[in-house]
Amino acid sequence: MTTNGDEAPASKYVTLISADGFEFVVLREATLISPTIKGMLRSPFAESKTGRCEFPEINADVLDKVVEYFLYWHKNVDKPNVPDMDIPPEICLQLLQAADFLGLDKQSS
Amino acid sequence: MSSRNRQQRQIRGPQSALTDFLASHNISANQIRLDADARRRAAEADGDGAAPPQDAQATTASAAEPANENEDDTVAALPARGQRAAARLGQERRQKEQDVIDKIKSGKKKTSKRKSKDDDSDDDYELAKALSNAARPPGQSDNCAVCGKRFTVTAYSRNAPDGGLLCTPCGRELAKDDAVPKKKPKRLGNVEGRRQVQSKILDGTYHTGAKSLMTLCIETLAKNIDLADDISGLPSLVVDKIARKLSKHRLLDPNTLNLFIQPTVDELAIYDGAKLSADEYIRVIQTCPELKKLKIFNGIHFKDEVMDYLLSRHIELEDFHLHGANLLSDSKWQEFFQKKGRSLQSLKVSWTDKHFTNAALVVLKDTCPSLVRLKVMHNQSVSGDGIKGIARMPSLRHVSLDLRQTVHSDIYVDLVNRLSENLETLSLTRVANVDNTLLDAIHNKCRRLKKLRITDSEIMTDEGFYRLFTGWTNKGLEFVDFQNCRQLESMQPRLNPDGVGLCSKGFVALMAHSSRSLKFLNVQGCRHITRQGFEEAFGPDKVYPELVKLEISFCEEVTDFIVGSIFRSCPKLHELNVFGCMKVKDVRVPRGKILVGVPNAMGMVIDGDDV
């Protein structure tokens, strides 16, 4: 992982915080699939120092699914024939909006 | 016996052939049936009154009897043999039963050798239990092992988990319980089968790694579309993806259409309008007054009345794509151009049979001054006159034609000469009789061309293609499709003395001219491109940095070496098609690239090797 300049090497993990205050500690590498989070963690922004990204638009149950997706994606990088992740229909639309916000519309990065 | 027979004979009714046959051999079918019934009744009575078995032997007799029913039938069928024979058979049967019991007992002993004591009475009990649990044959009555009700055993009666049989309702319950755990492991994971992977490869939608979260969500949404009540808050790109997915599953109907028609939308794409009636289209126009881009596929019911309604509204379409609307008459098209043509920038009309004619195209030049993109596909009516009309529209930058009428080269040459200044896309599909003059005209006039498609020409020659790409001041092309530009000669298909079609010289010139910009190349069926031609074009010093898809099917000279060279010289290549290239046998495919159509049992190769 890249280091951010004079600071200590960045942690392997980042913390994602939902609108209602739940915190998810996730492998940094896995979150980089999202261009939005990748941008937030780049050096001029506060998030790059603290490693804490707040998402005031995303609820905990949706962010939970997003985090699950990050790990699912990370686990299946470059694997052929990946089984689909289960998505509960009741949060589907919210998740769709979160996916759009986080830029998760490309097949792979 | 005889008196009983006489009584039975009075019953009238159809007789089976077997009954007749038995009667002719002095055997009574009735007698057999009555005997069998009597035995069954006896067995039932036995079973009803069954107390916990005291004497193993007794239970065995009654329980084992039904199992030997076939033998009984033979006995019953041969009443003429007399008592002695029956007695002998009975004895034999008893002997057999005894044998069976002995066998079970000895088996039991073998298995229970570990037991310290060899308890005989215990054995007997086990044996009795085993025999009483034995399934009754179909046709008999038994008590259900769960609810205890009496029922008739059939071939479909299920066994209870701990011995005995189940009545139909209880059996159904058990089946329900069984079915759930059986299905579960299948559902888990939802891994796609090999077939589906292959189908995706052929569709060009195959990727390694996980699907994007958005794709997953859209798929879930499409599966549960009846639960969704409003998708208006989503970005238009996402809405478009949902529309595509729904139409793919043929789920777009008057109900789901409501999700897409909002008063504020300016862009609407109906990818499968087959289930929508004329009223639905009118409703679309009613509810979306801001509409600028309208795309309708399979819009069979987009009829004159719908167009009339559209003409009566203040909708100024900029982008109109109509596919399959073959009930819309030509006069309505003309009326549409006259009233609404001013704002039109893009017009695509496909699969309309004969109802979009030259007259409509001629009207275009006066009514649609800002038209930039024109596409007429699969049209049976438009001919040279219509193209002459298009040629007089200097605003056009993208022209795609797929006509069924034959049009002379001169008319296309005229089109290119007049529009060449702005022309970026020229797509002429299935133009069998178009010759080199068109290629020369493109060479001389076009300077901004990015996409060029000329397919199925049987007259153009290699020399013509060579002239086009040699010293052409047009920037590199991005999209080239020359499929099936080749000589058609059935007598001597391999000889091509005149160099008809796209051959080596033209191909090498094409690759040299557009090497830096080419993204998509299709030279399918250009059979006379030689091995040397390919080897030169994809030689060690050649790189095609942008090429993503290459189609070289039915180019006979392609070898393993050429395919390897192609993968080396095209770093971005995603898919290579080599159907019918019989010299391709065993190629190493780099990781993440797709080679389709290798002539082996696999058909396509996705190699995991890193090369």
Side-chain angles (χ1 to χ4, degrees), chain A residues 16 18-19 24 26-27 29-38 53 55 57-59 61-109, chain B residues 185-198 200-201 204-242 245 259 574 589-594 604-608 610:
Chain A
L16 310 181
S18 74
F24 298 86
V26 198
L27 202 62
E29 231 174 287
T31 62
L32 294 185
I33 172 64
S34 159
T36 312
I37 296 182
K38 199 176 183 178
C53 304
F55 298 101
E57 312 81 353
I58 304 179
N59 274 333
D61 48 351
V62 177
L63 195 61
D64 177 52
K65 211 67 196 173
V66 171
V67 168
E68 189 187 331
Y69 174 76
F70 283 151
L71 298 178
Y72 157 81
W73 172 82
H74 188 249
K75 198 182 82 182
N76 290 309
V77 172
D78 273 349
K79 277 192 194 150
N81 208 4
V82 179
D84 284 352
M85 194 176 89
D86 234 12
I87 291 184
E90 54 277 10
I91 60 162
C92 187
L93 286 179
Q94 293 173 60
L95 198 57
L96 204 51
Q97 259 165 342
D100 184 53
F101 174 74
L102 294 169
L104 298 171
D105 53 352
K106 291 280 180 312
Q107 184 83 35
S108 51
S109 78
Chain B
K186 259 189 196 171
R187 289 273 169 95
L188 249 172
N190 192 18
V191 180
E192 287 168 333
R194 192 181 74 94
R195 237 166 202 282
Q196 209 163 358
V197 171
Q198 305 252 16
K200 274 185 155 182
I201 291 171
T205 53
Y206 181 82
H207 292 276
T208 50
K211 285 182 192 161
S212 78
L213 183 57
M214 195 170 277
T215 314
L216 288 171
C217 285
I218 288 171
E219 278 171 8
T220 315
L221 185 60
K223 268 182 220 152
N224 303 290
I225 195 67
D226 38 330
L227 299 177
D229 41 31
D230 185 18
I231 55 166
S232 57
L234 297 168
S236 62
L237 186 77
V238 177
V239 173
D240 188 63
K241 279 186 176 172
I242 297 170
K245 197 80 202 169
L259 292 173
H574 178 62
V589 182
R591 188 176 173 79
K593 318 232 159 178
I594 299 172
M604 51 199 82
V605 183
I606 322 156
D607 211 331
D610 275 310

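Everything numeric in this text was worked out from a predicted model, so none of it was measured.
Counting heavy atoms from C-beta outward, A:Asp105 and B:Leu237 have side chains that approach closer than 4.5 Å. Between B:Met214 and A:Asp100, some side-chain heavy-atom pair lies under the 4.5 Å cut-off. Residues A:Ile87 and B:Leu213 meet the side-chain proximity criterion, which asks for heavy atoms closer than 4.5 Å.
In this structure, A:Cys92 and B:Cys217 approach most closely via the heavy-atom pair SG-O, 3.1 Å. Closest approach of B:Leu227 and A:Pro89 over heavy atoms only: CD1-CB, 4.2 Å.
Counting heavy atoms of neighbouring residues, nucleotides and ligands inside a 6.0 Å radius, atom CG of A:Asp86 does not exceed 12 of them.
Looking at B:Leu216, both its backbone and its side chain come within 4.5 Å of chain A, counting heavy atoms on both sides. Only the side chain of B:Ile242 has a heavy atom closer than 4.5 Å to any heavy atom of chain A. Of the two parts of B:Ile218, the backbone and the side chain both hold a non-hydrogen atom closer than 4.5 Å to a non-hydrogen atom of chain A.
Distance CG/A:Leu95 to OG1/B:Thr220: 8.5 Å, rounded to 0.5 Å.
Chain B forms more heavy-atom pairs under 4.5 Å with one residue of A:Leu93, A:Ile91, A:Val77, A:Val66 than with any other, namely A:Leu93.
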